[in-house]
Amino acid sequence: MKLFSIKRLVSPTVSIQGKIFVAFSLVTLIGIVAVTSIVYLYMRETVKNNAITSVQDSIRQADESVNLRLEEISRLNTVVVTNQTVLQTLQSETVEPSYDWFQEQKRLEEFLSAVIAYKSFITRVAVVGLNGKVFFVGSPWLDRSVLHTPVMDALLHNESGQAYYHQTSFGSSIVTGREIRYNRKTLGIVMFDLNDDFIRKTYDVKPTSDSMIYVVDEKNEFIYQPPSSGLDQEAVIQLNRELEGGNTSFERDINKKSYLVVSRKSAYTGWSTLALVPMESLLSETVKIRKVLVTVAIIVFLIIVIVTSQVSSRITRNIRKLRSMMMRVMEGNLTLPPGEIYSKDEIGHLYLVFKRMVEELKRLLEGIMTTEREKREAELAVLQAQIRPHFLYNSLNTVKYLAKLNGVPNIVEVSESLIELMRGVLGHTNEYLTLGEELQYVRSYVTIEKYKYVEPLRLEIEVADQELLQCKVLKLMLQPIVENAIIHGIAASEQDGRVTVRIYKENGELRIDVRDNGQGMTQEQMDALLEVKKDQDNTRFSGMGVRNVHERIVRLYGERYGVFLDSELGAYTNVQIRFPLLPDLGLKIQGE
């Protein structure tokens, strides 16, 4: 892969492809790490919980097994201490070695042999009298020296209850026994030795090879401990004291090594069983699984990185094409390359928009070139046209002068009116003029028009306030209205015509009423008059109709203003113009 391609992929600030690649890679990496971590932690916790459950079940089964044997021994104790042969033997006055003593020994040993018959977990049963008589069956050997041993004191001090004692001399064993009493008098004790091999085999439960099981009695003496313990006994006793014989499980660092500690206390014997399982050994399998998970995660991530680079390249391919086209356009080349983008996604839509934009840009540039060419031609035409108004004015003045020399006043009047009217139309470039100037153009227009008709045509102007004549109005606002009244109203009626223009102020507005005594209009004709479009207007002088005047006023000042019609068929037509008061500079309208 080229250096540029690698830089484009790993640098999100260079290209969209780099951003897509980095984003996909990060999301994938985070997802893989999260899933792998969750799976590993779940498996680790599962192994730990399974180990706790297994150890707890093993300890419970071991305790129950030992308790069953101790309960059986307890029943045998009761059998022995209530046997008449035992009681009579301990109360007799026979001495050793006499015949009666041998007979007692024979009877008692036969009885004891029958008691422990088929009890392989009992290594020895003994009856020890306080009078020095000692009878036993099993091993090891026992004589009257036992009378002054700790085990004898422990069993006697427990009164009638069953006592337990861990004996280490003459082989390790658990001694359990009780007092033999008769008539409230202690005669001796009965002892059963529980085989230490049975204890060892019962508690030899190890989830791992280096696990350790400890059984501690209520005096913090070890009932059982592993043969090769890696921990100090004091540390185990201290741990047992902290637990206070509770049934629990937790992790603990002992001697800089982490252990899973599982504790259980027997309700029957009061012994506490502690299982210490090294976490390293317990989780050895999970370490292997973790390595496998990491390997799989790396392989999956590499595959996804490769796929992501290819996908991001395909996604951004059209973007790169579009960017190349834009660079060509930026350099001034408006000809797009033949390789088009045919995708139907957002990039395809963007390409179509860009293509139309380039085509529109080419059209606008061509239009600008055409406009510039026409502008140069227009400038030349303007220079040529500057002569025409002056030539027309001079020609009309010549006509006026000749008419005056030949004594034709009508031609003089028409010429003067036409000169005045054309000066206002062609000479003024401003859109606004005073109402007085607009009225002067109307007078000039009527002066010209009255010579076209046989019947007289009168124009009457009524101004409520002379200062209103200084108000600003749109240029050629009244002339189209008066023209419409003469051509379509008075001319069609074939009678003396009169057009009255009334100017006044009402509701803060400039009101101009143009009233004629023509044939009038129906409502449909009035509606049609306002519906007439600009290109349909048939006025012969100004090229603007009633509708155009209305639209000019409404466009500038809103629907409140404009042209409003009122007519009666065969009687009159009244056109009212509502216009905002626009006083000339320096003029203050009275009453405002």
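As the structure is a computational prediction, the values presented were derived from the model and not from experiment. Throughout, residue positions are numbered sequentially from 1 according to the sequence presented.
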Using every non-hydrogen atom in the two residues, find where [X] and [Y] come nearest and quote the distance to one decimal.
{"X": "Val128", "Y": "Leu147", "result": "CG1-CD2, 3.4 Å"}
{"X": "Lys265", "Y": "Ser272", "result": "CG-OG, 3.9 Å"}
{"X": "Pro278", "Y": "Ser211", "result": "CD-CA, 4.1 Å"}
{"X": "Pro226", "Y": "Tyr214", "result": "CD-CE2, 3.6 Å"}
{"X": "Ala275", "Y": "Ile213", "result": "CB-CD1, 3.4 Å"}
{"X": "Val80", "Y": "Val190", "result": "CG1-CG2, 3.5 Å"}

For the residue pair [X] and [Y], establish whether any side-chain heavy-atom pair is separated by less than 4.5 Å.
{"X": "Leu274", "Y": "Asn240", "value": "yes"}
{"X": "Pro140", "Y": "Arg124", "value": "yes"}
{"X": "Arg200", "Y": "Gln225", "value": "no"}
{"X": "Phe301", "Y": "Thr28", "value": "yes"}
{"X": "Ile199", "Y": "Val66", "value": "yes"}
{"X": "Ile73", "Y": "Phe121", "value": "yes"}
{"X": "Tyr561", "Y": "Val554", "value": "no"}
{"X": "Glu509", "Y": "Arg560", "value": "yes"}

Is the side chain of [X] donor-acceptor paired with the backbone N or O of [Y] at a distance under 3.5 Å, no angle test?
{"X": "Thr295", "Y": "Lys291", "answer": "yes"}
{"X": "Asp253", "Y": "Lys256", "answer": "no"}
{"X": "Asn83", "Y": "Thr85", "answer": "yes"}
{"X": "Thr82", "Y": "Val79", "answer": "yes"}

* To do: For side-chain contact (heavy atoms from CB on, under 4.5 Å), just list the numbers for Gln91 and Leu187, CA-CA rounded to whole Å, side-chain angles, deciding distance to a tenth of an Å, and then say yes or no.
  => CA-CA 7 Å; Gln91 295 180 74; Leu187 301 179; 3.8 Å; yes

Under the side chain to side chain contact (heavy atoms under 4.5 Å, CB included) test, residues paired with [X] that sit two or more places apart:
{"X": "Ala62", "answer": "Thr202, Tyr203"}
{"X": "Arg60", "answer": "Asp57, Glu64, Arg264"}
{"X": "Asp153", "answer": "His157"}

* **Donor + acceptor pair across side chains of Asp143, Ser145 (<3.5 Å)** => yes

* Asked: Under 3.5 Å, is there a donor-acceptor pair linking the side chains of Thr269 and Ser266?
  -> yes

* Chi angles and distances behind the side-chain contact (heavy atoms from CB on, under 4.5 Å) call for Val175, Leu155 -> CA-CA 9 Å; Val175 179; Leu155 297 178; 4.3 Å; yes

* Less than 4.0 Å between a side-chain N and a carboxylate O, is that true for Arg252 and Glu242? -> yes

* Between Lys48 and Glu251, is there a side-chain N and carboxylate O pair less than 4.0 Å apart? -> yes

Can you measure from [atom1] ([X]) to [atom2] ([Y]) and round to the nearest 0.5 angstrom?
{"X": "Leu293", "Y": "Ile32", "atom1": "CG", "atom2": "CD1", "answer": "12.0 Å"}
{"X": "Met191", "Y": "Thr176", "atom1": "CE", "atom2": "OG1", "answer": "11.0 Å"}
{"X": "Ile189", "Y": "Met152", "atom1": "CD1", "atom2": "CE", "answer": "3.5 Å"}
{"X": "Asp197", "Y": "Asp204", "atom1": "CG", "atom2": "CG", "answer": "11.5 Å"}
{"X": "Thr273", "Y": "Ile223", "atom1": "OG1", "atom2": "CD1", "answer": "10.0 Å"}
{"X": "Leu276", "Y": "Met212", "atom1": "CG", "atom2": "CE", "answer": "5.0 Å"}

* CE of Met43: more than 12 outside heavy atoms within 6.0 angstrom? -> no

* To do: Look at atom OH of Tyr40 and say whether more than 12 heavy atoms of other residues, nucleotides or ligands are closer to it than 6.0 Å.
  => yes

By side chain to side chain donor-acceptor pair (under 3.5 Å) - contacts of [X] (at least two apart):
{"X": "Thr123", "answer": "none"}
{"X": "Glu45", "answer": "none"}
{"X": "Ser54", "answer": "none"}
{"X": "Arg107", "answer": "none"}

* Asked: Going through the checks in order, is the side-chain hydrogen bond (donor to acceptor under 3.5 Å, both in side chains) test met by Glu280 and Ser258?
  -> CA-CA 7 Å; Glu280 182 179 359; Ser258 180; over 6 Å; no

* Intermediate values then yes/no, side-chain contact (heavy atoms from CB on, under 4.5 Å), Ser65 and Phe198 -> CA-CA 10 Å; Ser65 179; Phe198 169 76; 3.9 Å; yes

* Contacts of type ring-ring contact (aromatic ring centres under 6.0 Å, His included), residue Phe250, not counting sequence neighbours -> none

* Structure fact -> For Phe136, the ring-ring contact (aromatic ring centres under 6.0 Å, His included) test, sequence neighbours excluded, returns Trp141

* **Arg578 to Phe564, cation-pi by 6.0 Å centre distance and 45° axis angle** => yes

* To do: May I have all residue pairs that pass ring-ring contact (aromatic ring centres under 6.0 Å, His included) and include part of residues 263-298, sequence neighbours excluded?
  => Tyr164-Trp271

* Please lay out, stage by stage, how Val86 and Val81 fare under the test side-chain contact (heavy atoms from CB on, under 4.5 Å). => CA-CA 7 Å; Val86 174; Val81 299; over 6 Å; no

Pair up each side-chain donor or acceptor in residues 108-116 with any protein partner under 3.5 Å, not counting sequence neighbours, and list the distances.
residue: Glu109; atom: OE2; partner: Gln105; partner atom: NE2; Å: 3.0
residue: Ser113; atom: OG; partner: Glu109; partner atom: O; Å: 2.8

* Pairs meeting criterion salt bridge (Lys or Arg N to Asp or Glu O under 4.0 Å) with involvement of residues 351-371, two or more places apart -> Glu340-Lys355, Glu360-Arg363

